[in-house]
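Here the structure is laid out as structure tokens; the discussion comes afterwards.
Since this is a predicted model, take the numbers as computed values, not measurements. Every chain is numbered from 1 and lettered A, B, ... according to where its sequence line falls, protein lines coming before strand lines. Excluded from the calculations below are hydrogen atoms, water molecules and symmetry mates; all remaining heavy atoms, backbone and side chain alike, are included.
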Protein chains: 2
Amino acid sequence: MTDEPRRTRGVQRGPRSTHVIESVRAAALTELDRVGFARLAMDAVARTAGVSRTTVYRRWPTKTALLATVVEPVLQRYDTDPDTGTARGDLIAALALIRANSALPEGRALIAAAGEPDSQAVVRAANDRTIAMLERLLTRAVDRGEITTDVRTVAYLAMQGTVMWPQIRDTPLDDAELERFARVLLP
Amino acid sequence: MTDEPRRTRGVQRGPRSTHVIESVRAAALTELDRVGFARLAMDAVARTAGVSRTTVYRRWPTKTALLATVVEPVLQRYDTDPDTGTARGDLIAALALIRANSALPEGRALIAAAGEPDSQAVVRAANDRTIAMLERLLTRAVDRGEITTDVRTVAYLAMQGTVMWPQIRDTPLDDAELERFARVLLP
DNA sequence: CGCAATGGCAACACACTGTTGCCATTGTCC
DNA sequence: GGACAATGGCAACAGTGTGTTGCCATTGCG
């Protein structure tokens, strides 16, 4: 063997390099989808990303930090509200959005992390984001006189869980079920 | 040190011994409550139970098997239905039961295991047990003419998630919220 | 009494975790 | 162009947990 000591292996290095963040995020997503959050190994993420373990640990000290990075883009979808013109329409759109997000690998990762003591903060932040959207939506409906505050309270209780739980059970609601649910809440 | 080779340490051994099952179950519960399902270590369970690791592995080849054993007694509570005389009473009782069970260490262990690919079977079995109860309850209400099949469908969709999801978020519903929810479903 | 069932002990190879010290590369600023 | 700071790779580390295995000890039951 010609003892070639060190060489660049097509990897960009030096200041301001961003490929690491992207490839690690992608790798984490892949691994999360493959083995779930509990079995997620920083080691495997690094290998999949084609990056050194050291590097991963430098940017993300914990699995939870990694989860937060992975999940962020999906959470941003909750920042713009559905606005279909009617309360029921908004409601259905919101339910569908929650369903869609929680079906994504990112969403499933969040679900898997829900039971983990040290991921609580991330999971809670994600939920708060969802709930903020529902709050805006329901309050708007009250303002427009489309629902009473009493309905708002119950809807608020029931909406997220009704969508999320079937998702956890891996038997998501279909569109007809979403609509039927919305019809009962907003008769 | 007088090199005392082997001695019984107050431990019952031989055929038909049952202390192992009980102490391991208790230890597993303790550990589950302490570190959650993901970090549950067979090693720690064995140590806490005062039992050899070998022994634990012999009876429970996987963490999931251990979970199933731990959780079984709680699931049995779903096998007898609430029967208060009215549909709404039954409904509230059922919701309260789900809430109570999922607040127990056993229930929290199940929630934590919900995202784990290899625990899916156990989690699903547990949910099916719950759902079976709800099914019986709602069908009985339909038979008695207290609700329509349409309400049954929606209630069926919404009940479990509405209770479980806040539990996952660690902000369980209070009694007033349970009743309000029941009142909307069964006006 | 003898045996089968049960459990303990010790050791093994393996995998993942965090961490650390040292070196290589590269963009940027002077 | 040269120096430097930022960035990342490599290798090694001790520590912990995982399953598994071979061997031995105890004990209830026929």
Side-chain angles (χ1 to χ4, degrees), chain A residues 1 3-28 30-32 34-67 69 113 116-119, chain B residues 1 3-28 30-32 34-67 69 113 116-119:
Chain A
M1 248 80 69
D3 178 48
E4 259 171 316
R6 299 285 168 89
R7 254 197 313 170
T8 305
R9 299 190 193 75
V11 176
Q12 181 197 357
R13 273 193 273 186
R16 211 59 56 90
S17 62
T18 56
H19 78 284
V20 166
I21 296 179
E22 289 151 31
S23 49
V24 169
R25 176 146 61 195
T30 304
E31 286 298 299
L32 277 169
R34 200 171 60 84
V35 300
F37 181 75
R39 295 203 174 180
L40 183 67
M42 300 295 255
D43 201 30
V45 172
R47 261 181 286 127
T48 304
V51 144
S52 147
R53 218 154 48 84
T54 322
T55 301
V56 177
Y57 274 116
R58 265 198 281 253
R59 281 190 193 273
W60 299 274
T62 62
K63 291 202 307 182
T64 301
L66 193 49
L67 178 67
T69 296
E116 304 289 309
D118 28 271
S119 312
Chain B
M1 249 79 70
D3 178 53
E4 262 170 315
R6 299 286 168 90
R7 251 198 312 170
T8 304
R9 296 190 194 76
V11 177
Q12 180 195 355
R13 273 192 273 187
R16 211 58 58 91
S17 60
T18 56
H19 78 285
V20 166
I21 297 178
E22 289 151 31
S23 47
V24 169
R25 177 146 61 194
T30 304
E31 288 297 301
L32 277 170
R34 200 170 61 82
V35 301
F37 181 74
R39 297 202 173 182
L40 183 68
M42 301 296 256
D43 200 32
V45 172
R47 263 181 285 127
T48 304
V51 144
S52 145
R53 218 153 50 84
T54 322
T55 303
V56 177
Y57 275 115
R58 265 198 282 254
R59 278 189 195 274
W60 299 275
T62 61
K63 291 202 310 182
T64 300
L66 192 47
L67 178 67
T69 297
E116 305 288 310
D118 27 270
S119 310

Taking side chain to side chain donor-acceptor pair (under 3.5 Å) as the test, write out the residues that go with Thr54(A), two or more places apart. Ser52(A)
Rounding to 10°, can you tell me the angle the first-five-pair axis of the helix from dC1(C)-dG30(D) to dC30(C)-dG1(D) makes with its last-five-pair axis? 10°
Set of residues satisfying side chain to side chain donor-acceptor pair (under 3.5 Å) with respect to Thr30(A), sequence neighbours excluded: none
Among residues at least two apart in sequence or on other chains, which ones pass salt bridge (Lys or Arg N to Asp or Glu O under 4.0 Å) with Asp43(B)? Arg47(B), Arg53(B)
For atom CZ of Arg59(A) and atom C1' of dT7(D), their distance in whole Å: 8 Å
Rounded to whole Å, how long is the line connecting atom CG of Leu66(B) with atom P of dG19(D)? 12 Å
Residues in side-chain contact (heavy atoms from CB on, under 4.5 Å) contact with Ala38(B), at least two apart in sequence or another chain: Ala38(A), Glu116(A)
DNA chain D: Val51(A) or Lys63(B), which has the more 5' nearest nucleotide? Val51(A)
Has the side chain of Arg53(B) got a donor or acceptor that lies under 3.5 Å from a partner of the other kind on the base of dG8(C)? no
What nitrogen or oxygen pairs link the protein and nucleotides 20-22 of chain C at under 3.5 Å?
none

Going by heavy atoms closer than 4.0 Å, what residues in residues 41-49 of chain B are next to DNA chain D? Ala41(B), Met42(B), Asp43(B), Arg47(B)
What is the separation between atom CD1 on Ile21(A) and atom C1' on dG8(D), rounded to the nearest whole Å? 13 Å
Atom-pair distance (CH2 on Trp60(B); C1' on dT20(D)), nearest Å: 18 Å
On DNA chain C, check which nucleotide each of Pro61(A) and Val56(B) is closest to and give me the residue with the more 5' one. Val56(B)
Do you know which two heavy atoms are closest between Leu40(A) and Leu32(A), and how far apart they sit? CD2-CD2, 3.8 Å
Would you mind telling me which of dG9(D), dT19(C), dT18(D) lies closest to the side-chain atoms of Ser52(A)? dG9(D)
d(CD, Glu31(B); C1', dG17(D)) in whole Å: 13 Å
Applying side-chain contact (heavy atoms from CB on, under 4.5 Å), can you list everything that pairs with Arg34(A), at least two apart in sequence or on another chain? Glu31(A)
Decide yes or no for Leu66(A) and Phe37(A): does some side-chain heavy atom of the first lie under 4.5 Å from some side-chain heavy atom of the second? no
With respect to the side chain of Thr55(A), which nucleotide from dT18(D), dT7(D), dG9(D) is positioned closest? dG9(D)
What is the distance, to the nearest angstrom, from the OH atom on Tyr57(B) to the P atom on dG17(D)? 11 Å
For Val56(B) and Ala46(B), the nearest pair of non-hydrogen atoms, with its separation, is CG2-CB, 3.7 Å
Write down the atom of Arg39(B), the atom of Lys63(B), and the distance for their closest heavy-atom approach. N-NZ, 4.5 Å
Non-hydrogen atoms of Ser119(B) and Thr64(B) that approach each other most closely: OG-OG1, 3.4 Å
Side chains of residues 20-28 of chain A: which donor-acceptor pairs under 3.5 Å do they make with residues two or more places apart or in other chains?
| from | atom 1 | to | atom 2 | distance (Å) |
| --- | --- | --- | --- | --- |
| Ser23(A) | OG | His19(A) | O | 2.8 |
| Ser23(A) | OG | Val20(A) | O | 3.4 |
| Arg25(A) | NH1 | Thr69(A) | O | 3.4 |

